[in-house]
Amino acid sequence: MTASDGLWSIGELAERGGVTVKTVRFYSDRGLLPERSRSAGGHRRYGPDALDRLRLIRSLRALDLPVPQVRRIVDDEAGAGGVLEDAVAGQLRQLGDRMAALRWREAGLRLVQECPPQERADRLRLIGAVPAPPSTAPLARFWRAWLPPRMSARAVAAFLEQAVPAPPDDPTPAQVLAFARLHALVTRPCDGSARPQPAAHRSGPGFRPEVLYDGLGEAYELAAARLRRGRAPHPGEALDCFVAAYAASAGGARDTPDFRRGLAAHLAADPRIDPYWALTAEVLGSREGRLVPTPGTAHDWLLAALTDEVAARAA
């Protein structure tokens, strides 16, 4: 029952709101539920509008929003402004991250459950070194150390977008294992030897790395389109773009048969990073029965096309 002054005691408000007196006092002490006045005995008195505010607070807390964020929302015209929209969007992002982490943990547990007993210790060690959901930061660090110096942030970011696989949202146990092995590959301790570098990185003062990797990125995309269609390596636009990238980055060399012959020899002698690309392909999975192309498979397709063309000219 409401008192003659139209105000409620803290107990009356708590009863109408379906909460405890302690809860109302907690929200009042933090400024979320202002009292209208105090009785002669110093007790808190609340107006009828406090009930709507209390119900809004309970609804927001049920969404797992923290108290400081709840206060900003209720102060923002009872949630009518943009603060509520931003808070809900933030909660959705956090919930998505937590769900992704749970999916990775579930796939990791299935991986351990399904493997032979003698392999479980190794599997546990591998997946235990990777956070859930996994971070691609170690992979990006690996490539930043491998790429030539003097590349702009834009060029590096463009290459990393192609070379670093995004972890799948709903991974299979095999994808979790592949990503864990990829993480182990790029974070293993250095044995003191220099990181293998392709010959193009040592081309001298006229070498323009951004020109090379911008051109290679375009060539890899063209080759990937052919790989997705199951096409065998062959001369054409993709190969021309590939060769042009090396020619332009080497001080504007001309694309001649001699240049192509020398390029084929240099690329054939370059160090290989096959395990990285094989694991990347496993992480990316397959589409329409074929593994998703990677820069590594695109590079091999283009090199095979170049080698075949040089051999055909020499015959």
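When a residue number appears, it is its place in the shown sequence, counting from 1.
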Open item on the list: Do Tyr27 and Val70 make a side-chain contact, defined as non-hydrogen atoms from C-beta onward lying under 4.5 Å apart?
Closed with: no
Open item on the list: Quick one: does any side-chain atom of Arg53 pair with a main-chain N or O of Leu32 as donor and acceptor, under 3.5 Å?
Closed with: yes
TODO: Could you pull out all residues at least two apart from His43 that satisfy ring-ring contact (aromatic ring centres under 6.0 Å, His included)?
DONE: none
Open item on the list: Checking Glu210 now: which residues fulfil salt bridge (charged side-chain N to carboxylate O under 4.0 Å, His left out) with it, not counting sequence neighbours?
Closed with: Arg154
Open item on the list: I'd like to know if the side chain of Thr297 and the backbone of Pro293 have a donor-acceptor N/O pair within less than 3.5 Å.
Closed with: no
Task: No-hydrogen, no-angle side-chain donor-acceptor test under 3.5 Å, Tyr46 and Ser28 - done: yes
Open item on the list: Under a 4.0 Å threshold between the charged nitrogen and the carboxylate oxygen, would Glu106 count as salt-bridged to Arg110?
Closed with: yes
Task: Asp86: partners by side chain to side chain donor-acceptor pair (under 3.5 Å), with sequence neighbours left out - done: none
- [ ] Could you tell me which residues satisfy side-chain contact (heavy atoms from CB on, under 4.5 Å) with Pro235, sequence neighbours excluded, listed by chain and number?
- [x] Leu239, Glu309
Open item on the list: Using only atom types and a distance under 3.5 Å, with no angle test, would you say the side chain of Arg226 pairs donor to acceptor with the backbone of Leu222?
Closed with: yes
TODO: Please tell me if the side chains of Trp8 and Leu51 come closer than 4.5 Å, counting only heavy atoms from C-beta onward.
DONE: yes
- [ ] Quick one: closest heavy-atom pair of Cys115 and Arg120, and the distance?
- [x] SG-CG, 3.3 Å
TODO: Could you go through the side-chain contact (heavy atoms from CB on, under 4.5 Å) check for Glu119 and Asp122 one step at a time?
DONE: CA-CA 6 Å; Glu119 296 180 12; Asp122 183 58; 5.5 Å; no
Task: Set of residues satisfying ring-ring contact (aromatic ring centres under 6.0 Å, His included) with respect to Phe179, sequence neighbours excluded - done: Trp104
Task: Contact summary for Val310 and Ala264, nearest pair of heavy atoms - done: CG2-CB, 4.2 Å
Task: Shortest non-hydrogen contact from Ala219 toward Ala238 - done: CB-O, 3.9 Å
Task: Non-neighbouring partners of Asp240 that pass salt bridge (charged side-chain N to carboxylate O under 4.0 Å, His left out), sequence neighbours left out - done: Arg260
Task: Check: Arg61 side chain, Leu65 main-chain N or O, donor-acceptor pair, under 3.5 Å - done: yes
Open item on the list: With a 3.5 Å distance limit and no angle check, can you tell me whether Trp301 reaches the backbone of Arg231 through a side-chain donor-acceptor pair?
Closed with: yes
Open item on the list: Applying side chain to side chain donor-acceptor pair (under 3.5 Å), can you list everything that pairs with Arg261, at least two apart in sequence or on another chain?
Closed with: Asp258
Task: Neighbour count above 12 (heavy atom, 6.0 Å) for Glu15 CD - done: no
Task: Results of side chain to side chain donor-acceptor pair (under 3.5 Å) for Arg228 - residues two or more places apart only - done: none
- [ ] Provide the full list of side-chain hydrogen bond (donor to acceptor under 3.5 Å, both in side chains) pairs with a residue in residues 157-171, sequence neighbours left out, each pair given once.
- [x] Gln162-Glu221
TODO: Could you tell me whether a side-chain N or O of Glu218 sits under 3.5 Å from a main-chain N or O of Gly215, the two making a donor and an acceptor?
DONE: no
Task: Any residue meeting ring-ring contact (aromatic ring centres under 6.0 Å, His included) with Trp277, in chain and number order, not counting sequence neighbours - done: Trp143
Task: Minimum heavy-atom distance Thr136-Pro165, with the two atoms named - done: CG2-O, 3.6 Å
Task: Lys/Arg-Asp/Glu bridge criterion (N-O < 4.0 Å) met for Asp300, Arg272 - done: yes
Task: salt bridge (Lys or Arg N to Asp or Glu O under 4.0 Å) partners of residues 18-33, not counting sequence neighbours, each pair once - done: Asp29-Arg44
Open item on the list: Closer than 3.5 angstrom, by distance alone: can the side chain of Gln91 be matched with the main-chain N or O of Leu63 as a donor-acceptor pair?
Closed with: yes
Task: With sequence neighbours excluded, residues passing ring-ring contact (aromatic ring centres under 6.0 Å, His included) with Phe242 - done: Tyr246, His299
- [ ] Provide the closest heavy-atom pair for Arg123 versus Leu111 in the form atom of the first, atom of the second, distance.
- [x] NH1-CD1, 3.4 Å
- [ ] Looking only at non-hydrogen atoms, find the nearest pair between Pro198 and Trp146 and report the distance.
- [x] CD-CZ2, 3.4 Å
